[in-house]
Amino acid sequence: MRDNTAGYRELFLNDVPMMDMRAPVEFTKGAFLTSTSLPLMTDIERQKVGTCYKQKGQQAAIELGHQLVSGKVKAQRVEAWAAFANAHPDGYLYCFRGGLRSQIVQQWLKDAGIDYPRVVGGYKAMRTFLIETLEQAVAECDFVIVGGMTGTGKTEVVARLANSIDLEGHANHRGSSFGKRATSQPSQIDFENRLAVELLKRRARGQQQFVLEDESRLIGTCSLPLPLHLGMQQYPMVWLEDSFEGRVERILGDYVIDLAAEFLAVHGQEQGFERFAGRLLQSLDNIQRRLGGERHARLRGLMQEALDVQRSTGLVELHRGWIEGLLREYYDPMYAYQRDSKASRVEFSGDAEALVAYLTERSSSR
C-alpha cells in the first residue's frame, strides 16, 4: 500500500485525483478542482450524528453513524469508493481534518480488498497550505497591473501574455457592474484555491513576475484575497489606451453580442434571450443611485428600445446609444479620476500592441 501523505505541494502540482469524504454541504462551500465528492454521510446523516455528539458524546455518535451507514447503504458507498480507487490508483482520500471519516472509509475499503491512502490533515491542512502559498507569492513575487478606461480591452491584453493571471477567469465574471455571466461564479473558497494552485504551478516552472488586470476588491461575488488586494494598491501599472469608438465596439461585442450568445447556449433561444435582457436591465438598475434618477431613466429607455429591436430583428446597432451615454457620463469621469490618483504608479502607457511588447520585454529583462 502507498503511504498516507502530507505532501500537499505535490498533490496540487501534479493534479492528483482525490475523493472527498465530507458531506455535500461542506464540499459545496469549498473544495479542490481535482476532488470528487463521495461522502461518507449525507447532509442529513451528518446533522444527526453531530446532534448526537453534542448530546451524548463521541462514542454514541460513532455508533449512530455506523447504524445510519450500514447494510445496503454502506455497500453502495463502498462500491462507489472502490470504483474511484480502481479508476485512480494514484489518488488519495480525505475528510475535513484527516481524522475519523477518512479512517473509516480507508478501513472499509481495506475490508473490501483495496488499500487506499489518505491525506494527513485532510481538507483543513490543504486549505491552510494554499492560503500560505498565496500569501508567499504576494510577498515574494513581482506584480504589474494593467489599467485603462472601461472597454479598452484589458482582459484581451492580459490573455496574450504568458505570465498573466486571469483573475476574472477564475471568478467567472467580467469584473464590472455588467460583468455577470450566464453561468454561476465559484464559491469564495474555490476562487481562492484555484488562484493559489495556479500561482503554485507557475512559480514551480520558474515564473516570479505576474501581470494582473486592475480590479476592485470584488469581482462579482468573489473577493480578492486581502494580501493581494492590498498589494494591488501599490504595484506598478501600465495604462492601456484605445479610441472611444473602439471601446464602444468592444463593449457591444462583450456585453451584448457575446453575452446574448452565452445565455442562448445555456438556456435556449426564447428563455435565453429573456434572461439576457433581464440581466442587462438589472445591471443598469444596480447602479441607479450612482447614475441619478434622470440619467438612469434615459439610459434605461435606450437600452429597452435596443433590446426590443434585437429581440424582433436580431440587430444590435441601437445598443451603441446607451453604451456611449454610459461611457461619457458615468465610466469615463470615474476612470479619469482613478487614472489621476494612480498616475505616480504608471510606468508605461500605449495601445494594446505597445503594451504587449512592453510587458513581454519587461518580463524577459527581470
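Model, not experiment: these values are computed from the prediction.
- Among K342, K154, R345, the single residue meeting the salt bridge (charged side-chain N to carboxylate O under 4.0 Å, His left out) criterion with D214 is K342.
- Side chain to side chain, D20 and Y94 meet the donor-acceptor criterion of an N or O pair below 3.5 Å.
- No path of Ile, Leu, Val, Met, Phe, Trp and Tyr side chains, each step under 4.5 Å between heavy atoms, connects M232 with V146, placing them in separate hydrophobic clusters.
- The CD1 atom of I257 sits 8.0 Å away from atom CD of E249, with the distance rounded to the nearest 0.5 Å.
- Under 3.5 Å, the side chains of T152 and R247 contain no donor-acceptor pair of N or O atoms.
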Extract all donor-acceptor atom pairs below 3.5 Å that involve side chains of residues 268-277 and protein atoms in other chains or at least two apart in sequence.
residue	atom	partner	partner atom	Å
E274	OE1	R311	NH2	3.3
E274	OE2	R311	NE	2.9

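- A donor-acceptor contact shorter than 3.5 Å links the side chain of R2 to the backbone of P89.
- Using a 3.5 Å distance cut-off with no hydrogens or angles, the side chains of T183 and N172 do pair a donor with an acceptor.
- Of the candidates L326, L284, T150, I287, S177 forms a side chain to side chain contact (heavy atoms under 4.5 Å, CB included) with just one, namely I287.
- Judged purely by distance below 3.5 Å, without hydrogens or angles, the side chains of E168 and T155 pair a donor atom with an acceptor atom.
- Using a cut-off of 4.0 Å between Lys/Arg side-chain N and Asp/Glu carboxylate O, K74 and D111 are scored as not salt-bridged.
- For the pair D285 and R300, the salt-bridge criterion is met [side-chain N within less than 4.0 Å of a carboxylate O].
- Side-chain atoms of D43 and Q47 form no donor-acceptor pair, as typed in the model, at a separation below 3.5 Å.
- Salt bridge absent: E156 and R160 never bring a charged side-chain N and a carboxylate O closer than 4.0 Å.
- At a threshold of 4.5 Å between non-hydrogen side-chain atoms, the residues L93 and L109 count as touching.
- Atom CZ of residue R279 and atom CG of residue L259 lie 7.0 Å apart, to the nearest 0.5 angstrom.
- With values rounded to the nearest 0.5 angstrom, L161 atom CG is found 11.5 Å from D166 atom CG.
- Checked for salt-bridge contact, R194 and E198 miss the test: no charged N lies under 4.0 Å from a carboxylate O.
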Worked verdict on R250 versus D242 for salt bridge (Lys or Arg N to Asp or Glu O under 4.0 Å): CA-CA 10 Å; R250 187 172 288 104; D242 194 13; 2.9 Å; yes

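- Note on R320 versus E245: no salt bridge recorded, every NZ/NE/NH1/NH2 to OD/OE distance being 4.0 Å or above.
- Remark: N286 CG to K180 NZ distance equals 8.5 Å, nearest 0.5 Å.
- The backbone N or O of G175 lies less than 3.5 Å from a partner atom in the side chain of H173, making a donor-acceptor pair.
- Side-chain N/O atoms of D115 and Q106 include no donor and acceptor closer than 3.5 Å.
- Note on ring orientation: taking the six-membered ring where Trp is involved, the planes of H66 and W108 are perpendicular (angle over 60°, cut-offs 30° and 60°).
- Hydrophobic clustering (side-chain heavy atoms under 4.5 Å, transitive across Ile, Leu, Val, Met, Phe, Trp, Tyr) keeps L318 apart from V248.
- Side-chain contact of Q185 with T221: a donor-acceptor pair under 3.5 Å is present, judged by distance alone.
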Verdict with supporting geometry, Q136 and E132, side-chain hydrogen bond (donor to acceptor under 3.5 Å, both in side chains): CA-CA 6 Å; Q136 288 168 3; E132 291 171 351; 5.2 Å; no

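- No side-chain heavy atom of T5 sits less than 4.5 Å from a side-chain heavy atom of V16.
- In the model, Y92 has no side-chain atom that pairs as donor or acceptor with a side-chain atom of R118 under 3.5 Å.
- Residues L195 and P225 are in side-chain contact: their nearest non-hydrogen atoms beyond the backbone lie under 4.5 Å apart.
- Under the 4.0 Å criterion applied to side-chain N and carboxylate O atoms, E45 and R77 are assigned as salt-bridge partners.
- A donor-acceptor pair under 3.5 Å is formed between the side chain of N14 and the backbone N or O of E10.
- Of all the heavy atoms in I114 and A85, the pair that sits closest is CG2-CB, 4.0 Å.
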Verdict with reasoning, F210 to L199, per side chain to side chain contact (heavy atoms under 4.5 Å, CB included): CA-CA 9 Å; F210 299 99; L199 284 165; 4.0 Å; yes

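- Considering every non-hydrogen atom in both G99 and C95, the closest pair reads N-SG, 3.2 Å.
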From CA spacing to verdict: side chain to side chain contact (heavy atoms under 4.5 Å, CB included), K29, S187: CA-CA 6 Å; K29 287 178 182 176; S187 72; 5.9 Å; no

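- Of the possible polar contacts, none joining the S35 side chain to the A31 backbone as a donor-acceptor pair under 3.5 Å is found.
- A salt bridge links D15 with K201: at least one charged nitrogen is closer than 4.0 Å to a carboxylate oxygen.
- Between the side chains of Y123 and E26, not a single donor N or O lies within less than 3.5 Å of an accepting N or O.
- Interatomic distance, OG1 of T34 versus CE of M18, reported as 3.5 Å (0.5 Å rounding).
- When all heavy atoms are compared, the tightest approach of G30 to I189 is CA-CG2, 3.7 Å.
- For the 3.5 Å distance criterion, the side chains of Q103 and Q107 fail to qualify, holding no donor opposite an acceptor.
- L11 and F32 end up in the same hydrophobic cluster when Ile, Leu, Val, Met, Phe, Trp and Tyr side chains are linked at under 4.5 Å.
- For F178, the ring pair (Phe, Tyr, Trp, His ring centres under 6.0 Å) criterion is met by W322, not counting sequence neighbours.
- Looking only at side-chain heavy atoms (C-beta outward), L200 and L134 stay at 4.5 Å or farther from each other.
- By the criterion of side-chain heavy atoms lying less than 4.5 angstrom apart, applied directly or through intervening Ile, Leu, Val, Met, Phe, Trp or Tyr residues, I219 is grouped together with I145 in one hydrophobic cluster.
- Cluster annotation: L299 is connected to Y331 through the hydrophobic network of ILVMFWY side chains, with a link wherever side-chain heavy atoms come within less than 4.5 Å.
- In this structure the side chain of P17 reaches within 4.5 angstrom of the side chain of F84, judged on heavy atoms.
- Sorted by first then second residue, the ring-ring contact (aromatic ring centres under 6.0 Å, His included) pairs that include residues 225-257, not counting sequence neighbours, are F143-Y235.
- Looking at heavy atoms from C-beta onward, H319 lies in side-chain contact with L307 at the 4.5 angstrom threshold.
- A donor-acceptor pair is defined here as one N or O able to donate and one able to accept, closer than 3.5 Å; such a pair exists between the side chain of N86 and the backbone of A82.
- The structure places OH of Y330 at 4.5 Å from CE of M334, a figure rounded to the nearest 0.5 Å.
- Taking the side chain as every heavy atom from C-beta outward, L40 and W81 approach each other to under 4.5 Å.
- Considering only heavy atoms from C-beta on, E329 comes within 4.5 Å of R298 through its side chain.
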